[in-house]
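What follows is one structure encoded as structure tokens, with my remarks underneath.
Just so you know, residue 1 is the first one in the sequence shown, and it goes up from there.
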Amino acid sequence: MDIATIPHPPRRVPVIGDVVGIKVGKPVQTVLAQSRGLGPISVRKVLRTQIVTVGGADLAGDLSDESRFCKFVGLHLPPLRQVVGDALFTAEDDEPNWQLAHDILAPAFTREAMSGYHAVMLEVARELLARWDAAADRGQPVDVTPDTTRLTMETIGRTGFGYRFASFDRDEPHPFVVAMTRALHYARVSAVLPWAPVRRLVAGSAAQHDADVATLRGTVDQVIRARLDDPASDAPDLLGRMLRTAHPGTGDRLDPVNIRHQMITFLVAGHETTSGALSFALYYLTRDQGALARAQAEVDALWGETADPEPAFADVAKLRYVRAALDEALRLWPTAPGYLRAARCDTVLGGRYRMNEGDWALVFLPLLHRDPQVWPDPDRFDPDRFGAGQAKSRPAHAYKPFGTGKRSCIGRQFALHEAVLALGLILHRYALTAPEAYELQIAESLTLKPRGFRLLPRRRR
């Protein structure tokens, strides 16, 4: 890509590039701060890697053109492929296992399938409520992000694989979650720090990483063995489909190694992003009493004064303002902060930037979702941006928290149903107070989450 006309941050250093001002552990927040002064497109050089960052809605829309651009499996993804191979998230478009897995698993995310997950989602949400009830009885605050992580990890484990992580029965995270967190951090750092001594200082040793990967694989292998050892178990969940379903057109099946890779991917992607979205939504709602009151009025109108409602599957779609608050939180802090697009052929991006076949760019969502040409007062939390009819008034590709095109998140509706249900139940049950002194801190790995965010829950009924 011809980057001569693309601006870059000031104070570029020979050899190492645009590293001045980058805060260790906060690359996403650093790039967001830098990019706002550089415009809708910028470039960064980190050692030998040139990263073109796009944050303008018009350019992001151009990159979404499937006839000219496709997913790029580069930058942070090659180190991740060492963990999950050619799973849905990390496979190239033309790798056969991508289409095979997608076609086998797509029926697991239909509306009919979603209605079958609802009861389990409600069961796990009530375990979160029980944990917060105990804290409320003691007058103690809850640490929001670890608890939403327990919720989402338990939900994907039970609905997808029939496996209980017992997340609410332990004070410390499950060993899978600990290993996963370190492995994701190591993969992210490895993408930009190829020098082993430096990488070890920032992300830990290769031996620890290998041990973490072994924990991930050992956990899913245990789940698979339990399913195979139970001839009576024929659940139509994700694992059941992967083990017993052939492709409807070709008759091909997923091989055991790929099933393991897909399971790790779903366990990671199925809980990391959703827990962050829930936590950000609770943060912004408890900082905006007007929005909080509207959300609670909506859940009260639907579920009344009963202390323990029995939400039906159809109820979740009726929580329109709660969903809007979740969408607005994802606008401000998209928990998966970007995706990569590569040119299928020689082309010109936005009518100005020449790209050769194979050239790539990062669509940087925290910047795209703050494009002032699309989002007035972009740093303000305002769920009404996602009210009825609002989406039609802005460019189609200005809001992309789940990616784009055929490679967008296959579990989008699963995540939204789970998050809106849990958020609605929390708002219905509790009056929530946040410490006034707390300022939002964001933990960065491959995803974004609030860090150290606590709430004091008090039962409303």
Report all side-chain donor-acceptor pairs from residues 332-339 shorter than 3.5 Å, counting only partners two or more places apart or in another chain.
unit_1: Trp333; atom_1: NE1; unit_2: Tyr284; atom_2: OH; d: 3.1
unit_1: Thr335; atom_1: OG1; unit_2: Thr273; atom_2: O; d: 3.1

Discussion item. Holding to side-chain contact (heavy atoms from CB on, under 4.5 Å), I want the full list of residues that pass it with Arg225, two or more places apart in sequence or in another chain.
Written reply: Asp221, Gln222, Asp229

Fill in: Distance flag, aromatic centroids of Tyr399 and Phe386, threshold under 6.0 Å
yes

Discussion item. Please find the pair of heavy atoms, one from Pro383 and one from Tyr321, that lie closest to each other, and give the distance.
Written reply: CG-OH, 3.5 Å

Worksheet item: Would a distance-only check, ignoring hydrogens and angles, find a side-chain to backbone donor-acceptor pair under 3.5 Å from Asp371 to Ala57?
Response: yes

Worksheet item: Just by distance, do the side chain of Arg394 and the backbone of Arg385 share a donor-acceptor pair under 3.5 Å?
Response: yes

Fill in: Pair Glu123 + Arg164: basic N to acidic O under 4.0 Å
yes

Worksheet item: So, is the end of the Arg341 side chain (NZ or CZ) under 6.0 Å from the ring centre of Trp360 and within 45° of the ring's axis?
Response: no

Worksheet item: What heavy-atom pair brings Ala179 and Leu216 nearest, and what distance separates the two atoms?
Response: CB-CD2, 4.0 Å

Discussion item. I'd like to know if the side chain of Gln262 reaches the main chain of Leu88, judged simply by a donor and an acceptor atom lying under 3.5 Å from each other, with no hydrogens or angles considered.
Written reply: yes

Fill in: Test: Lys449 and Glu272 ion pair at under 4.0 Å
yes

Practice prompt. Look at the side chain of Arg370 and the backbone N and O of Pro378, then say whether any donor-acceptor pair between them is shorter than 3.5 Å.
Written response: no

Item to complete: Give the minimum heavy-atom separation between Leu100 and Asp252, together with the two atoms involved.
Response: CD1-O, 3.6 Å

Fill in: Salt bridge flag under 4.0 Å for residues Glu92 and Lys71
no

Worksheet entry | Parallel, tilted or perpendicular: ring planes of Phe414 versus Phe109, cut at 30 and 60 degrees | perpendicular

Practice prompt. Output yes when Arg12 and Asp18 qualify as a salt bridge under the 4.0 Å nitrogen-oxygen rule, no when they do not.
Written response: yes

Fill in: Value rounded to 0.5 Å, distance of CH2 in Trp98 from NE2 in His102
4.5 Å

Item to complete: Test Arg81 against Glu95 for salt bridge (Lys or Arg N to Asp or Glu O under 4.0 Å), laying out the working first.
Response: CA-CA 13 Å; Arg81 275 180 67 102; Glu95 286 186 288; 2.9 Å; yes

Worksheet, complete the sentence: Minimal heavy-atom distance between Ala125 and Leu151, with the atoms involved, is CA-CD1, 3.6 Å

Worksheet, complete the sentence: Sorted by chain and number, sequence neighbours left out, salt bridge (Lys or Arg N to Asp or Glu O under 4.0 Å) with Asp210 holds for none

Worksheet item: Is Asp346 close to Met355 at the side-chain level, that is, under 4.5 Å between some pair of heavy atoms?
Response: no

Worksheet item: Which pair of heavy atoms, one from Ala91 and one from Val73, lies closest together, and at what distance?
Response: O-CG2, 3.5 Å

Worksheet item: Taking 4.0 angstrom as the limit, do Arg158 and Glu154 come out as a salt bridge?
Response: yes

Worksheet item: Do you know the tightest heavy-atom contact between Leu340 and Gly74?
Response: CD1-O, 3.2 Å

Fill in: His417 ring center near Tyr117 ring center (under 6.0 Å)
no

Discussion item. With a 4.0 Å cut-off on N to O distance, would you call Arg36 and Asp379 a salt bridge?
Written reply: yes

Worksheet item: Step by step, would you call Arg68 with Asp62 a salt bridge (Lys or Arg N to Asp or Glu O under 4.0 Å)?
Response: CA-CA 9 Å; Arg68 295 161 54 217; Asp62 211 17; 2.5 Å; yes

Worksheet item: Does the distance from a Lys or Arg side-chain N to an Asp or Glu carboxylate O, for Arg407 and Glu66, drop under 4.0 Å?
Response: no

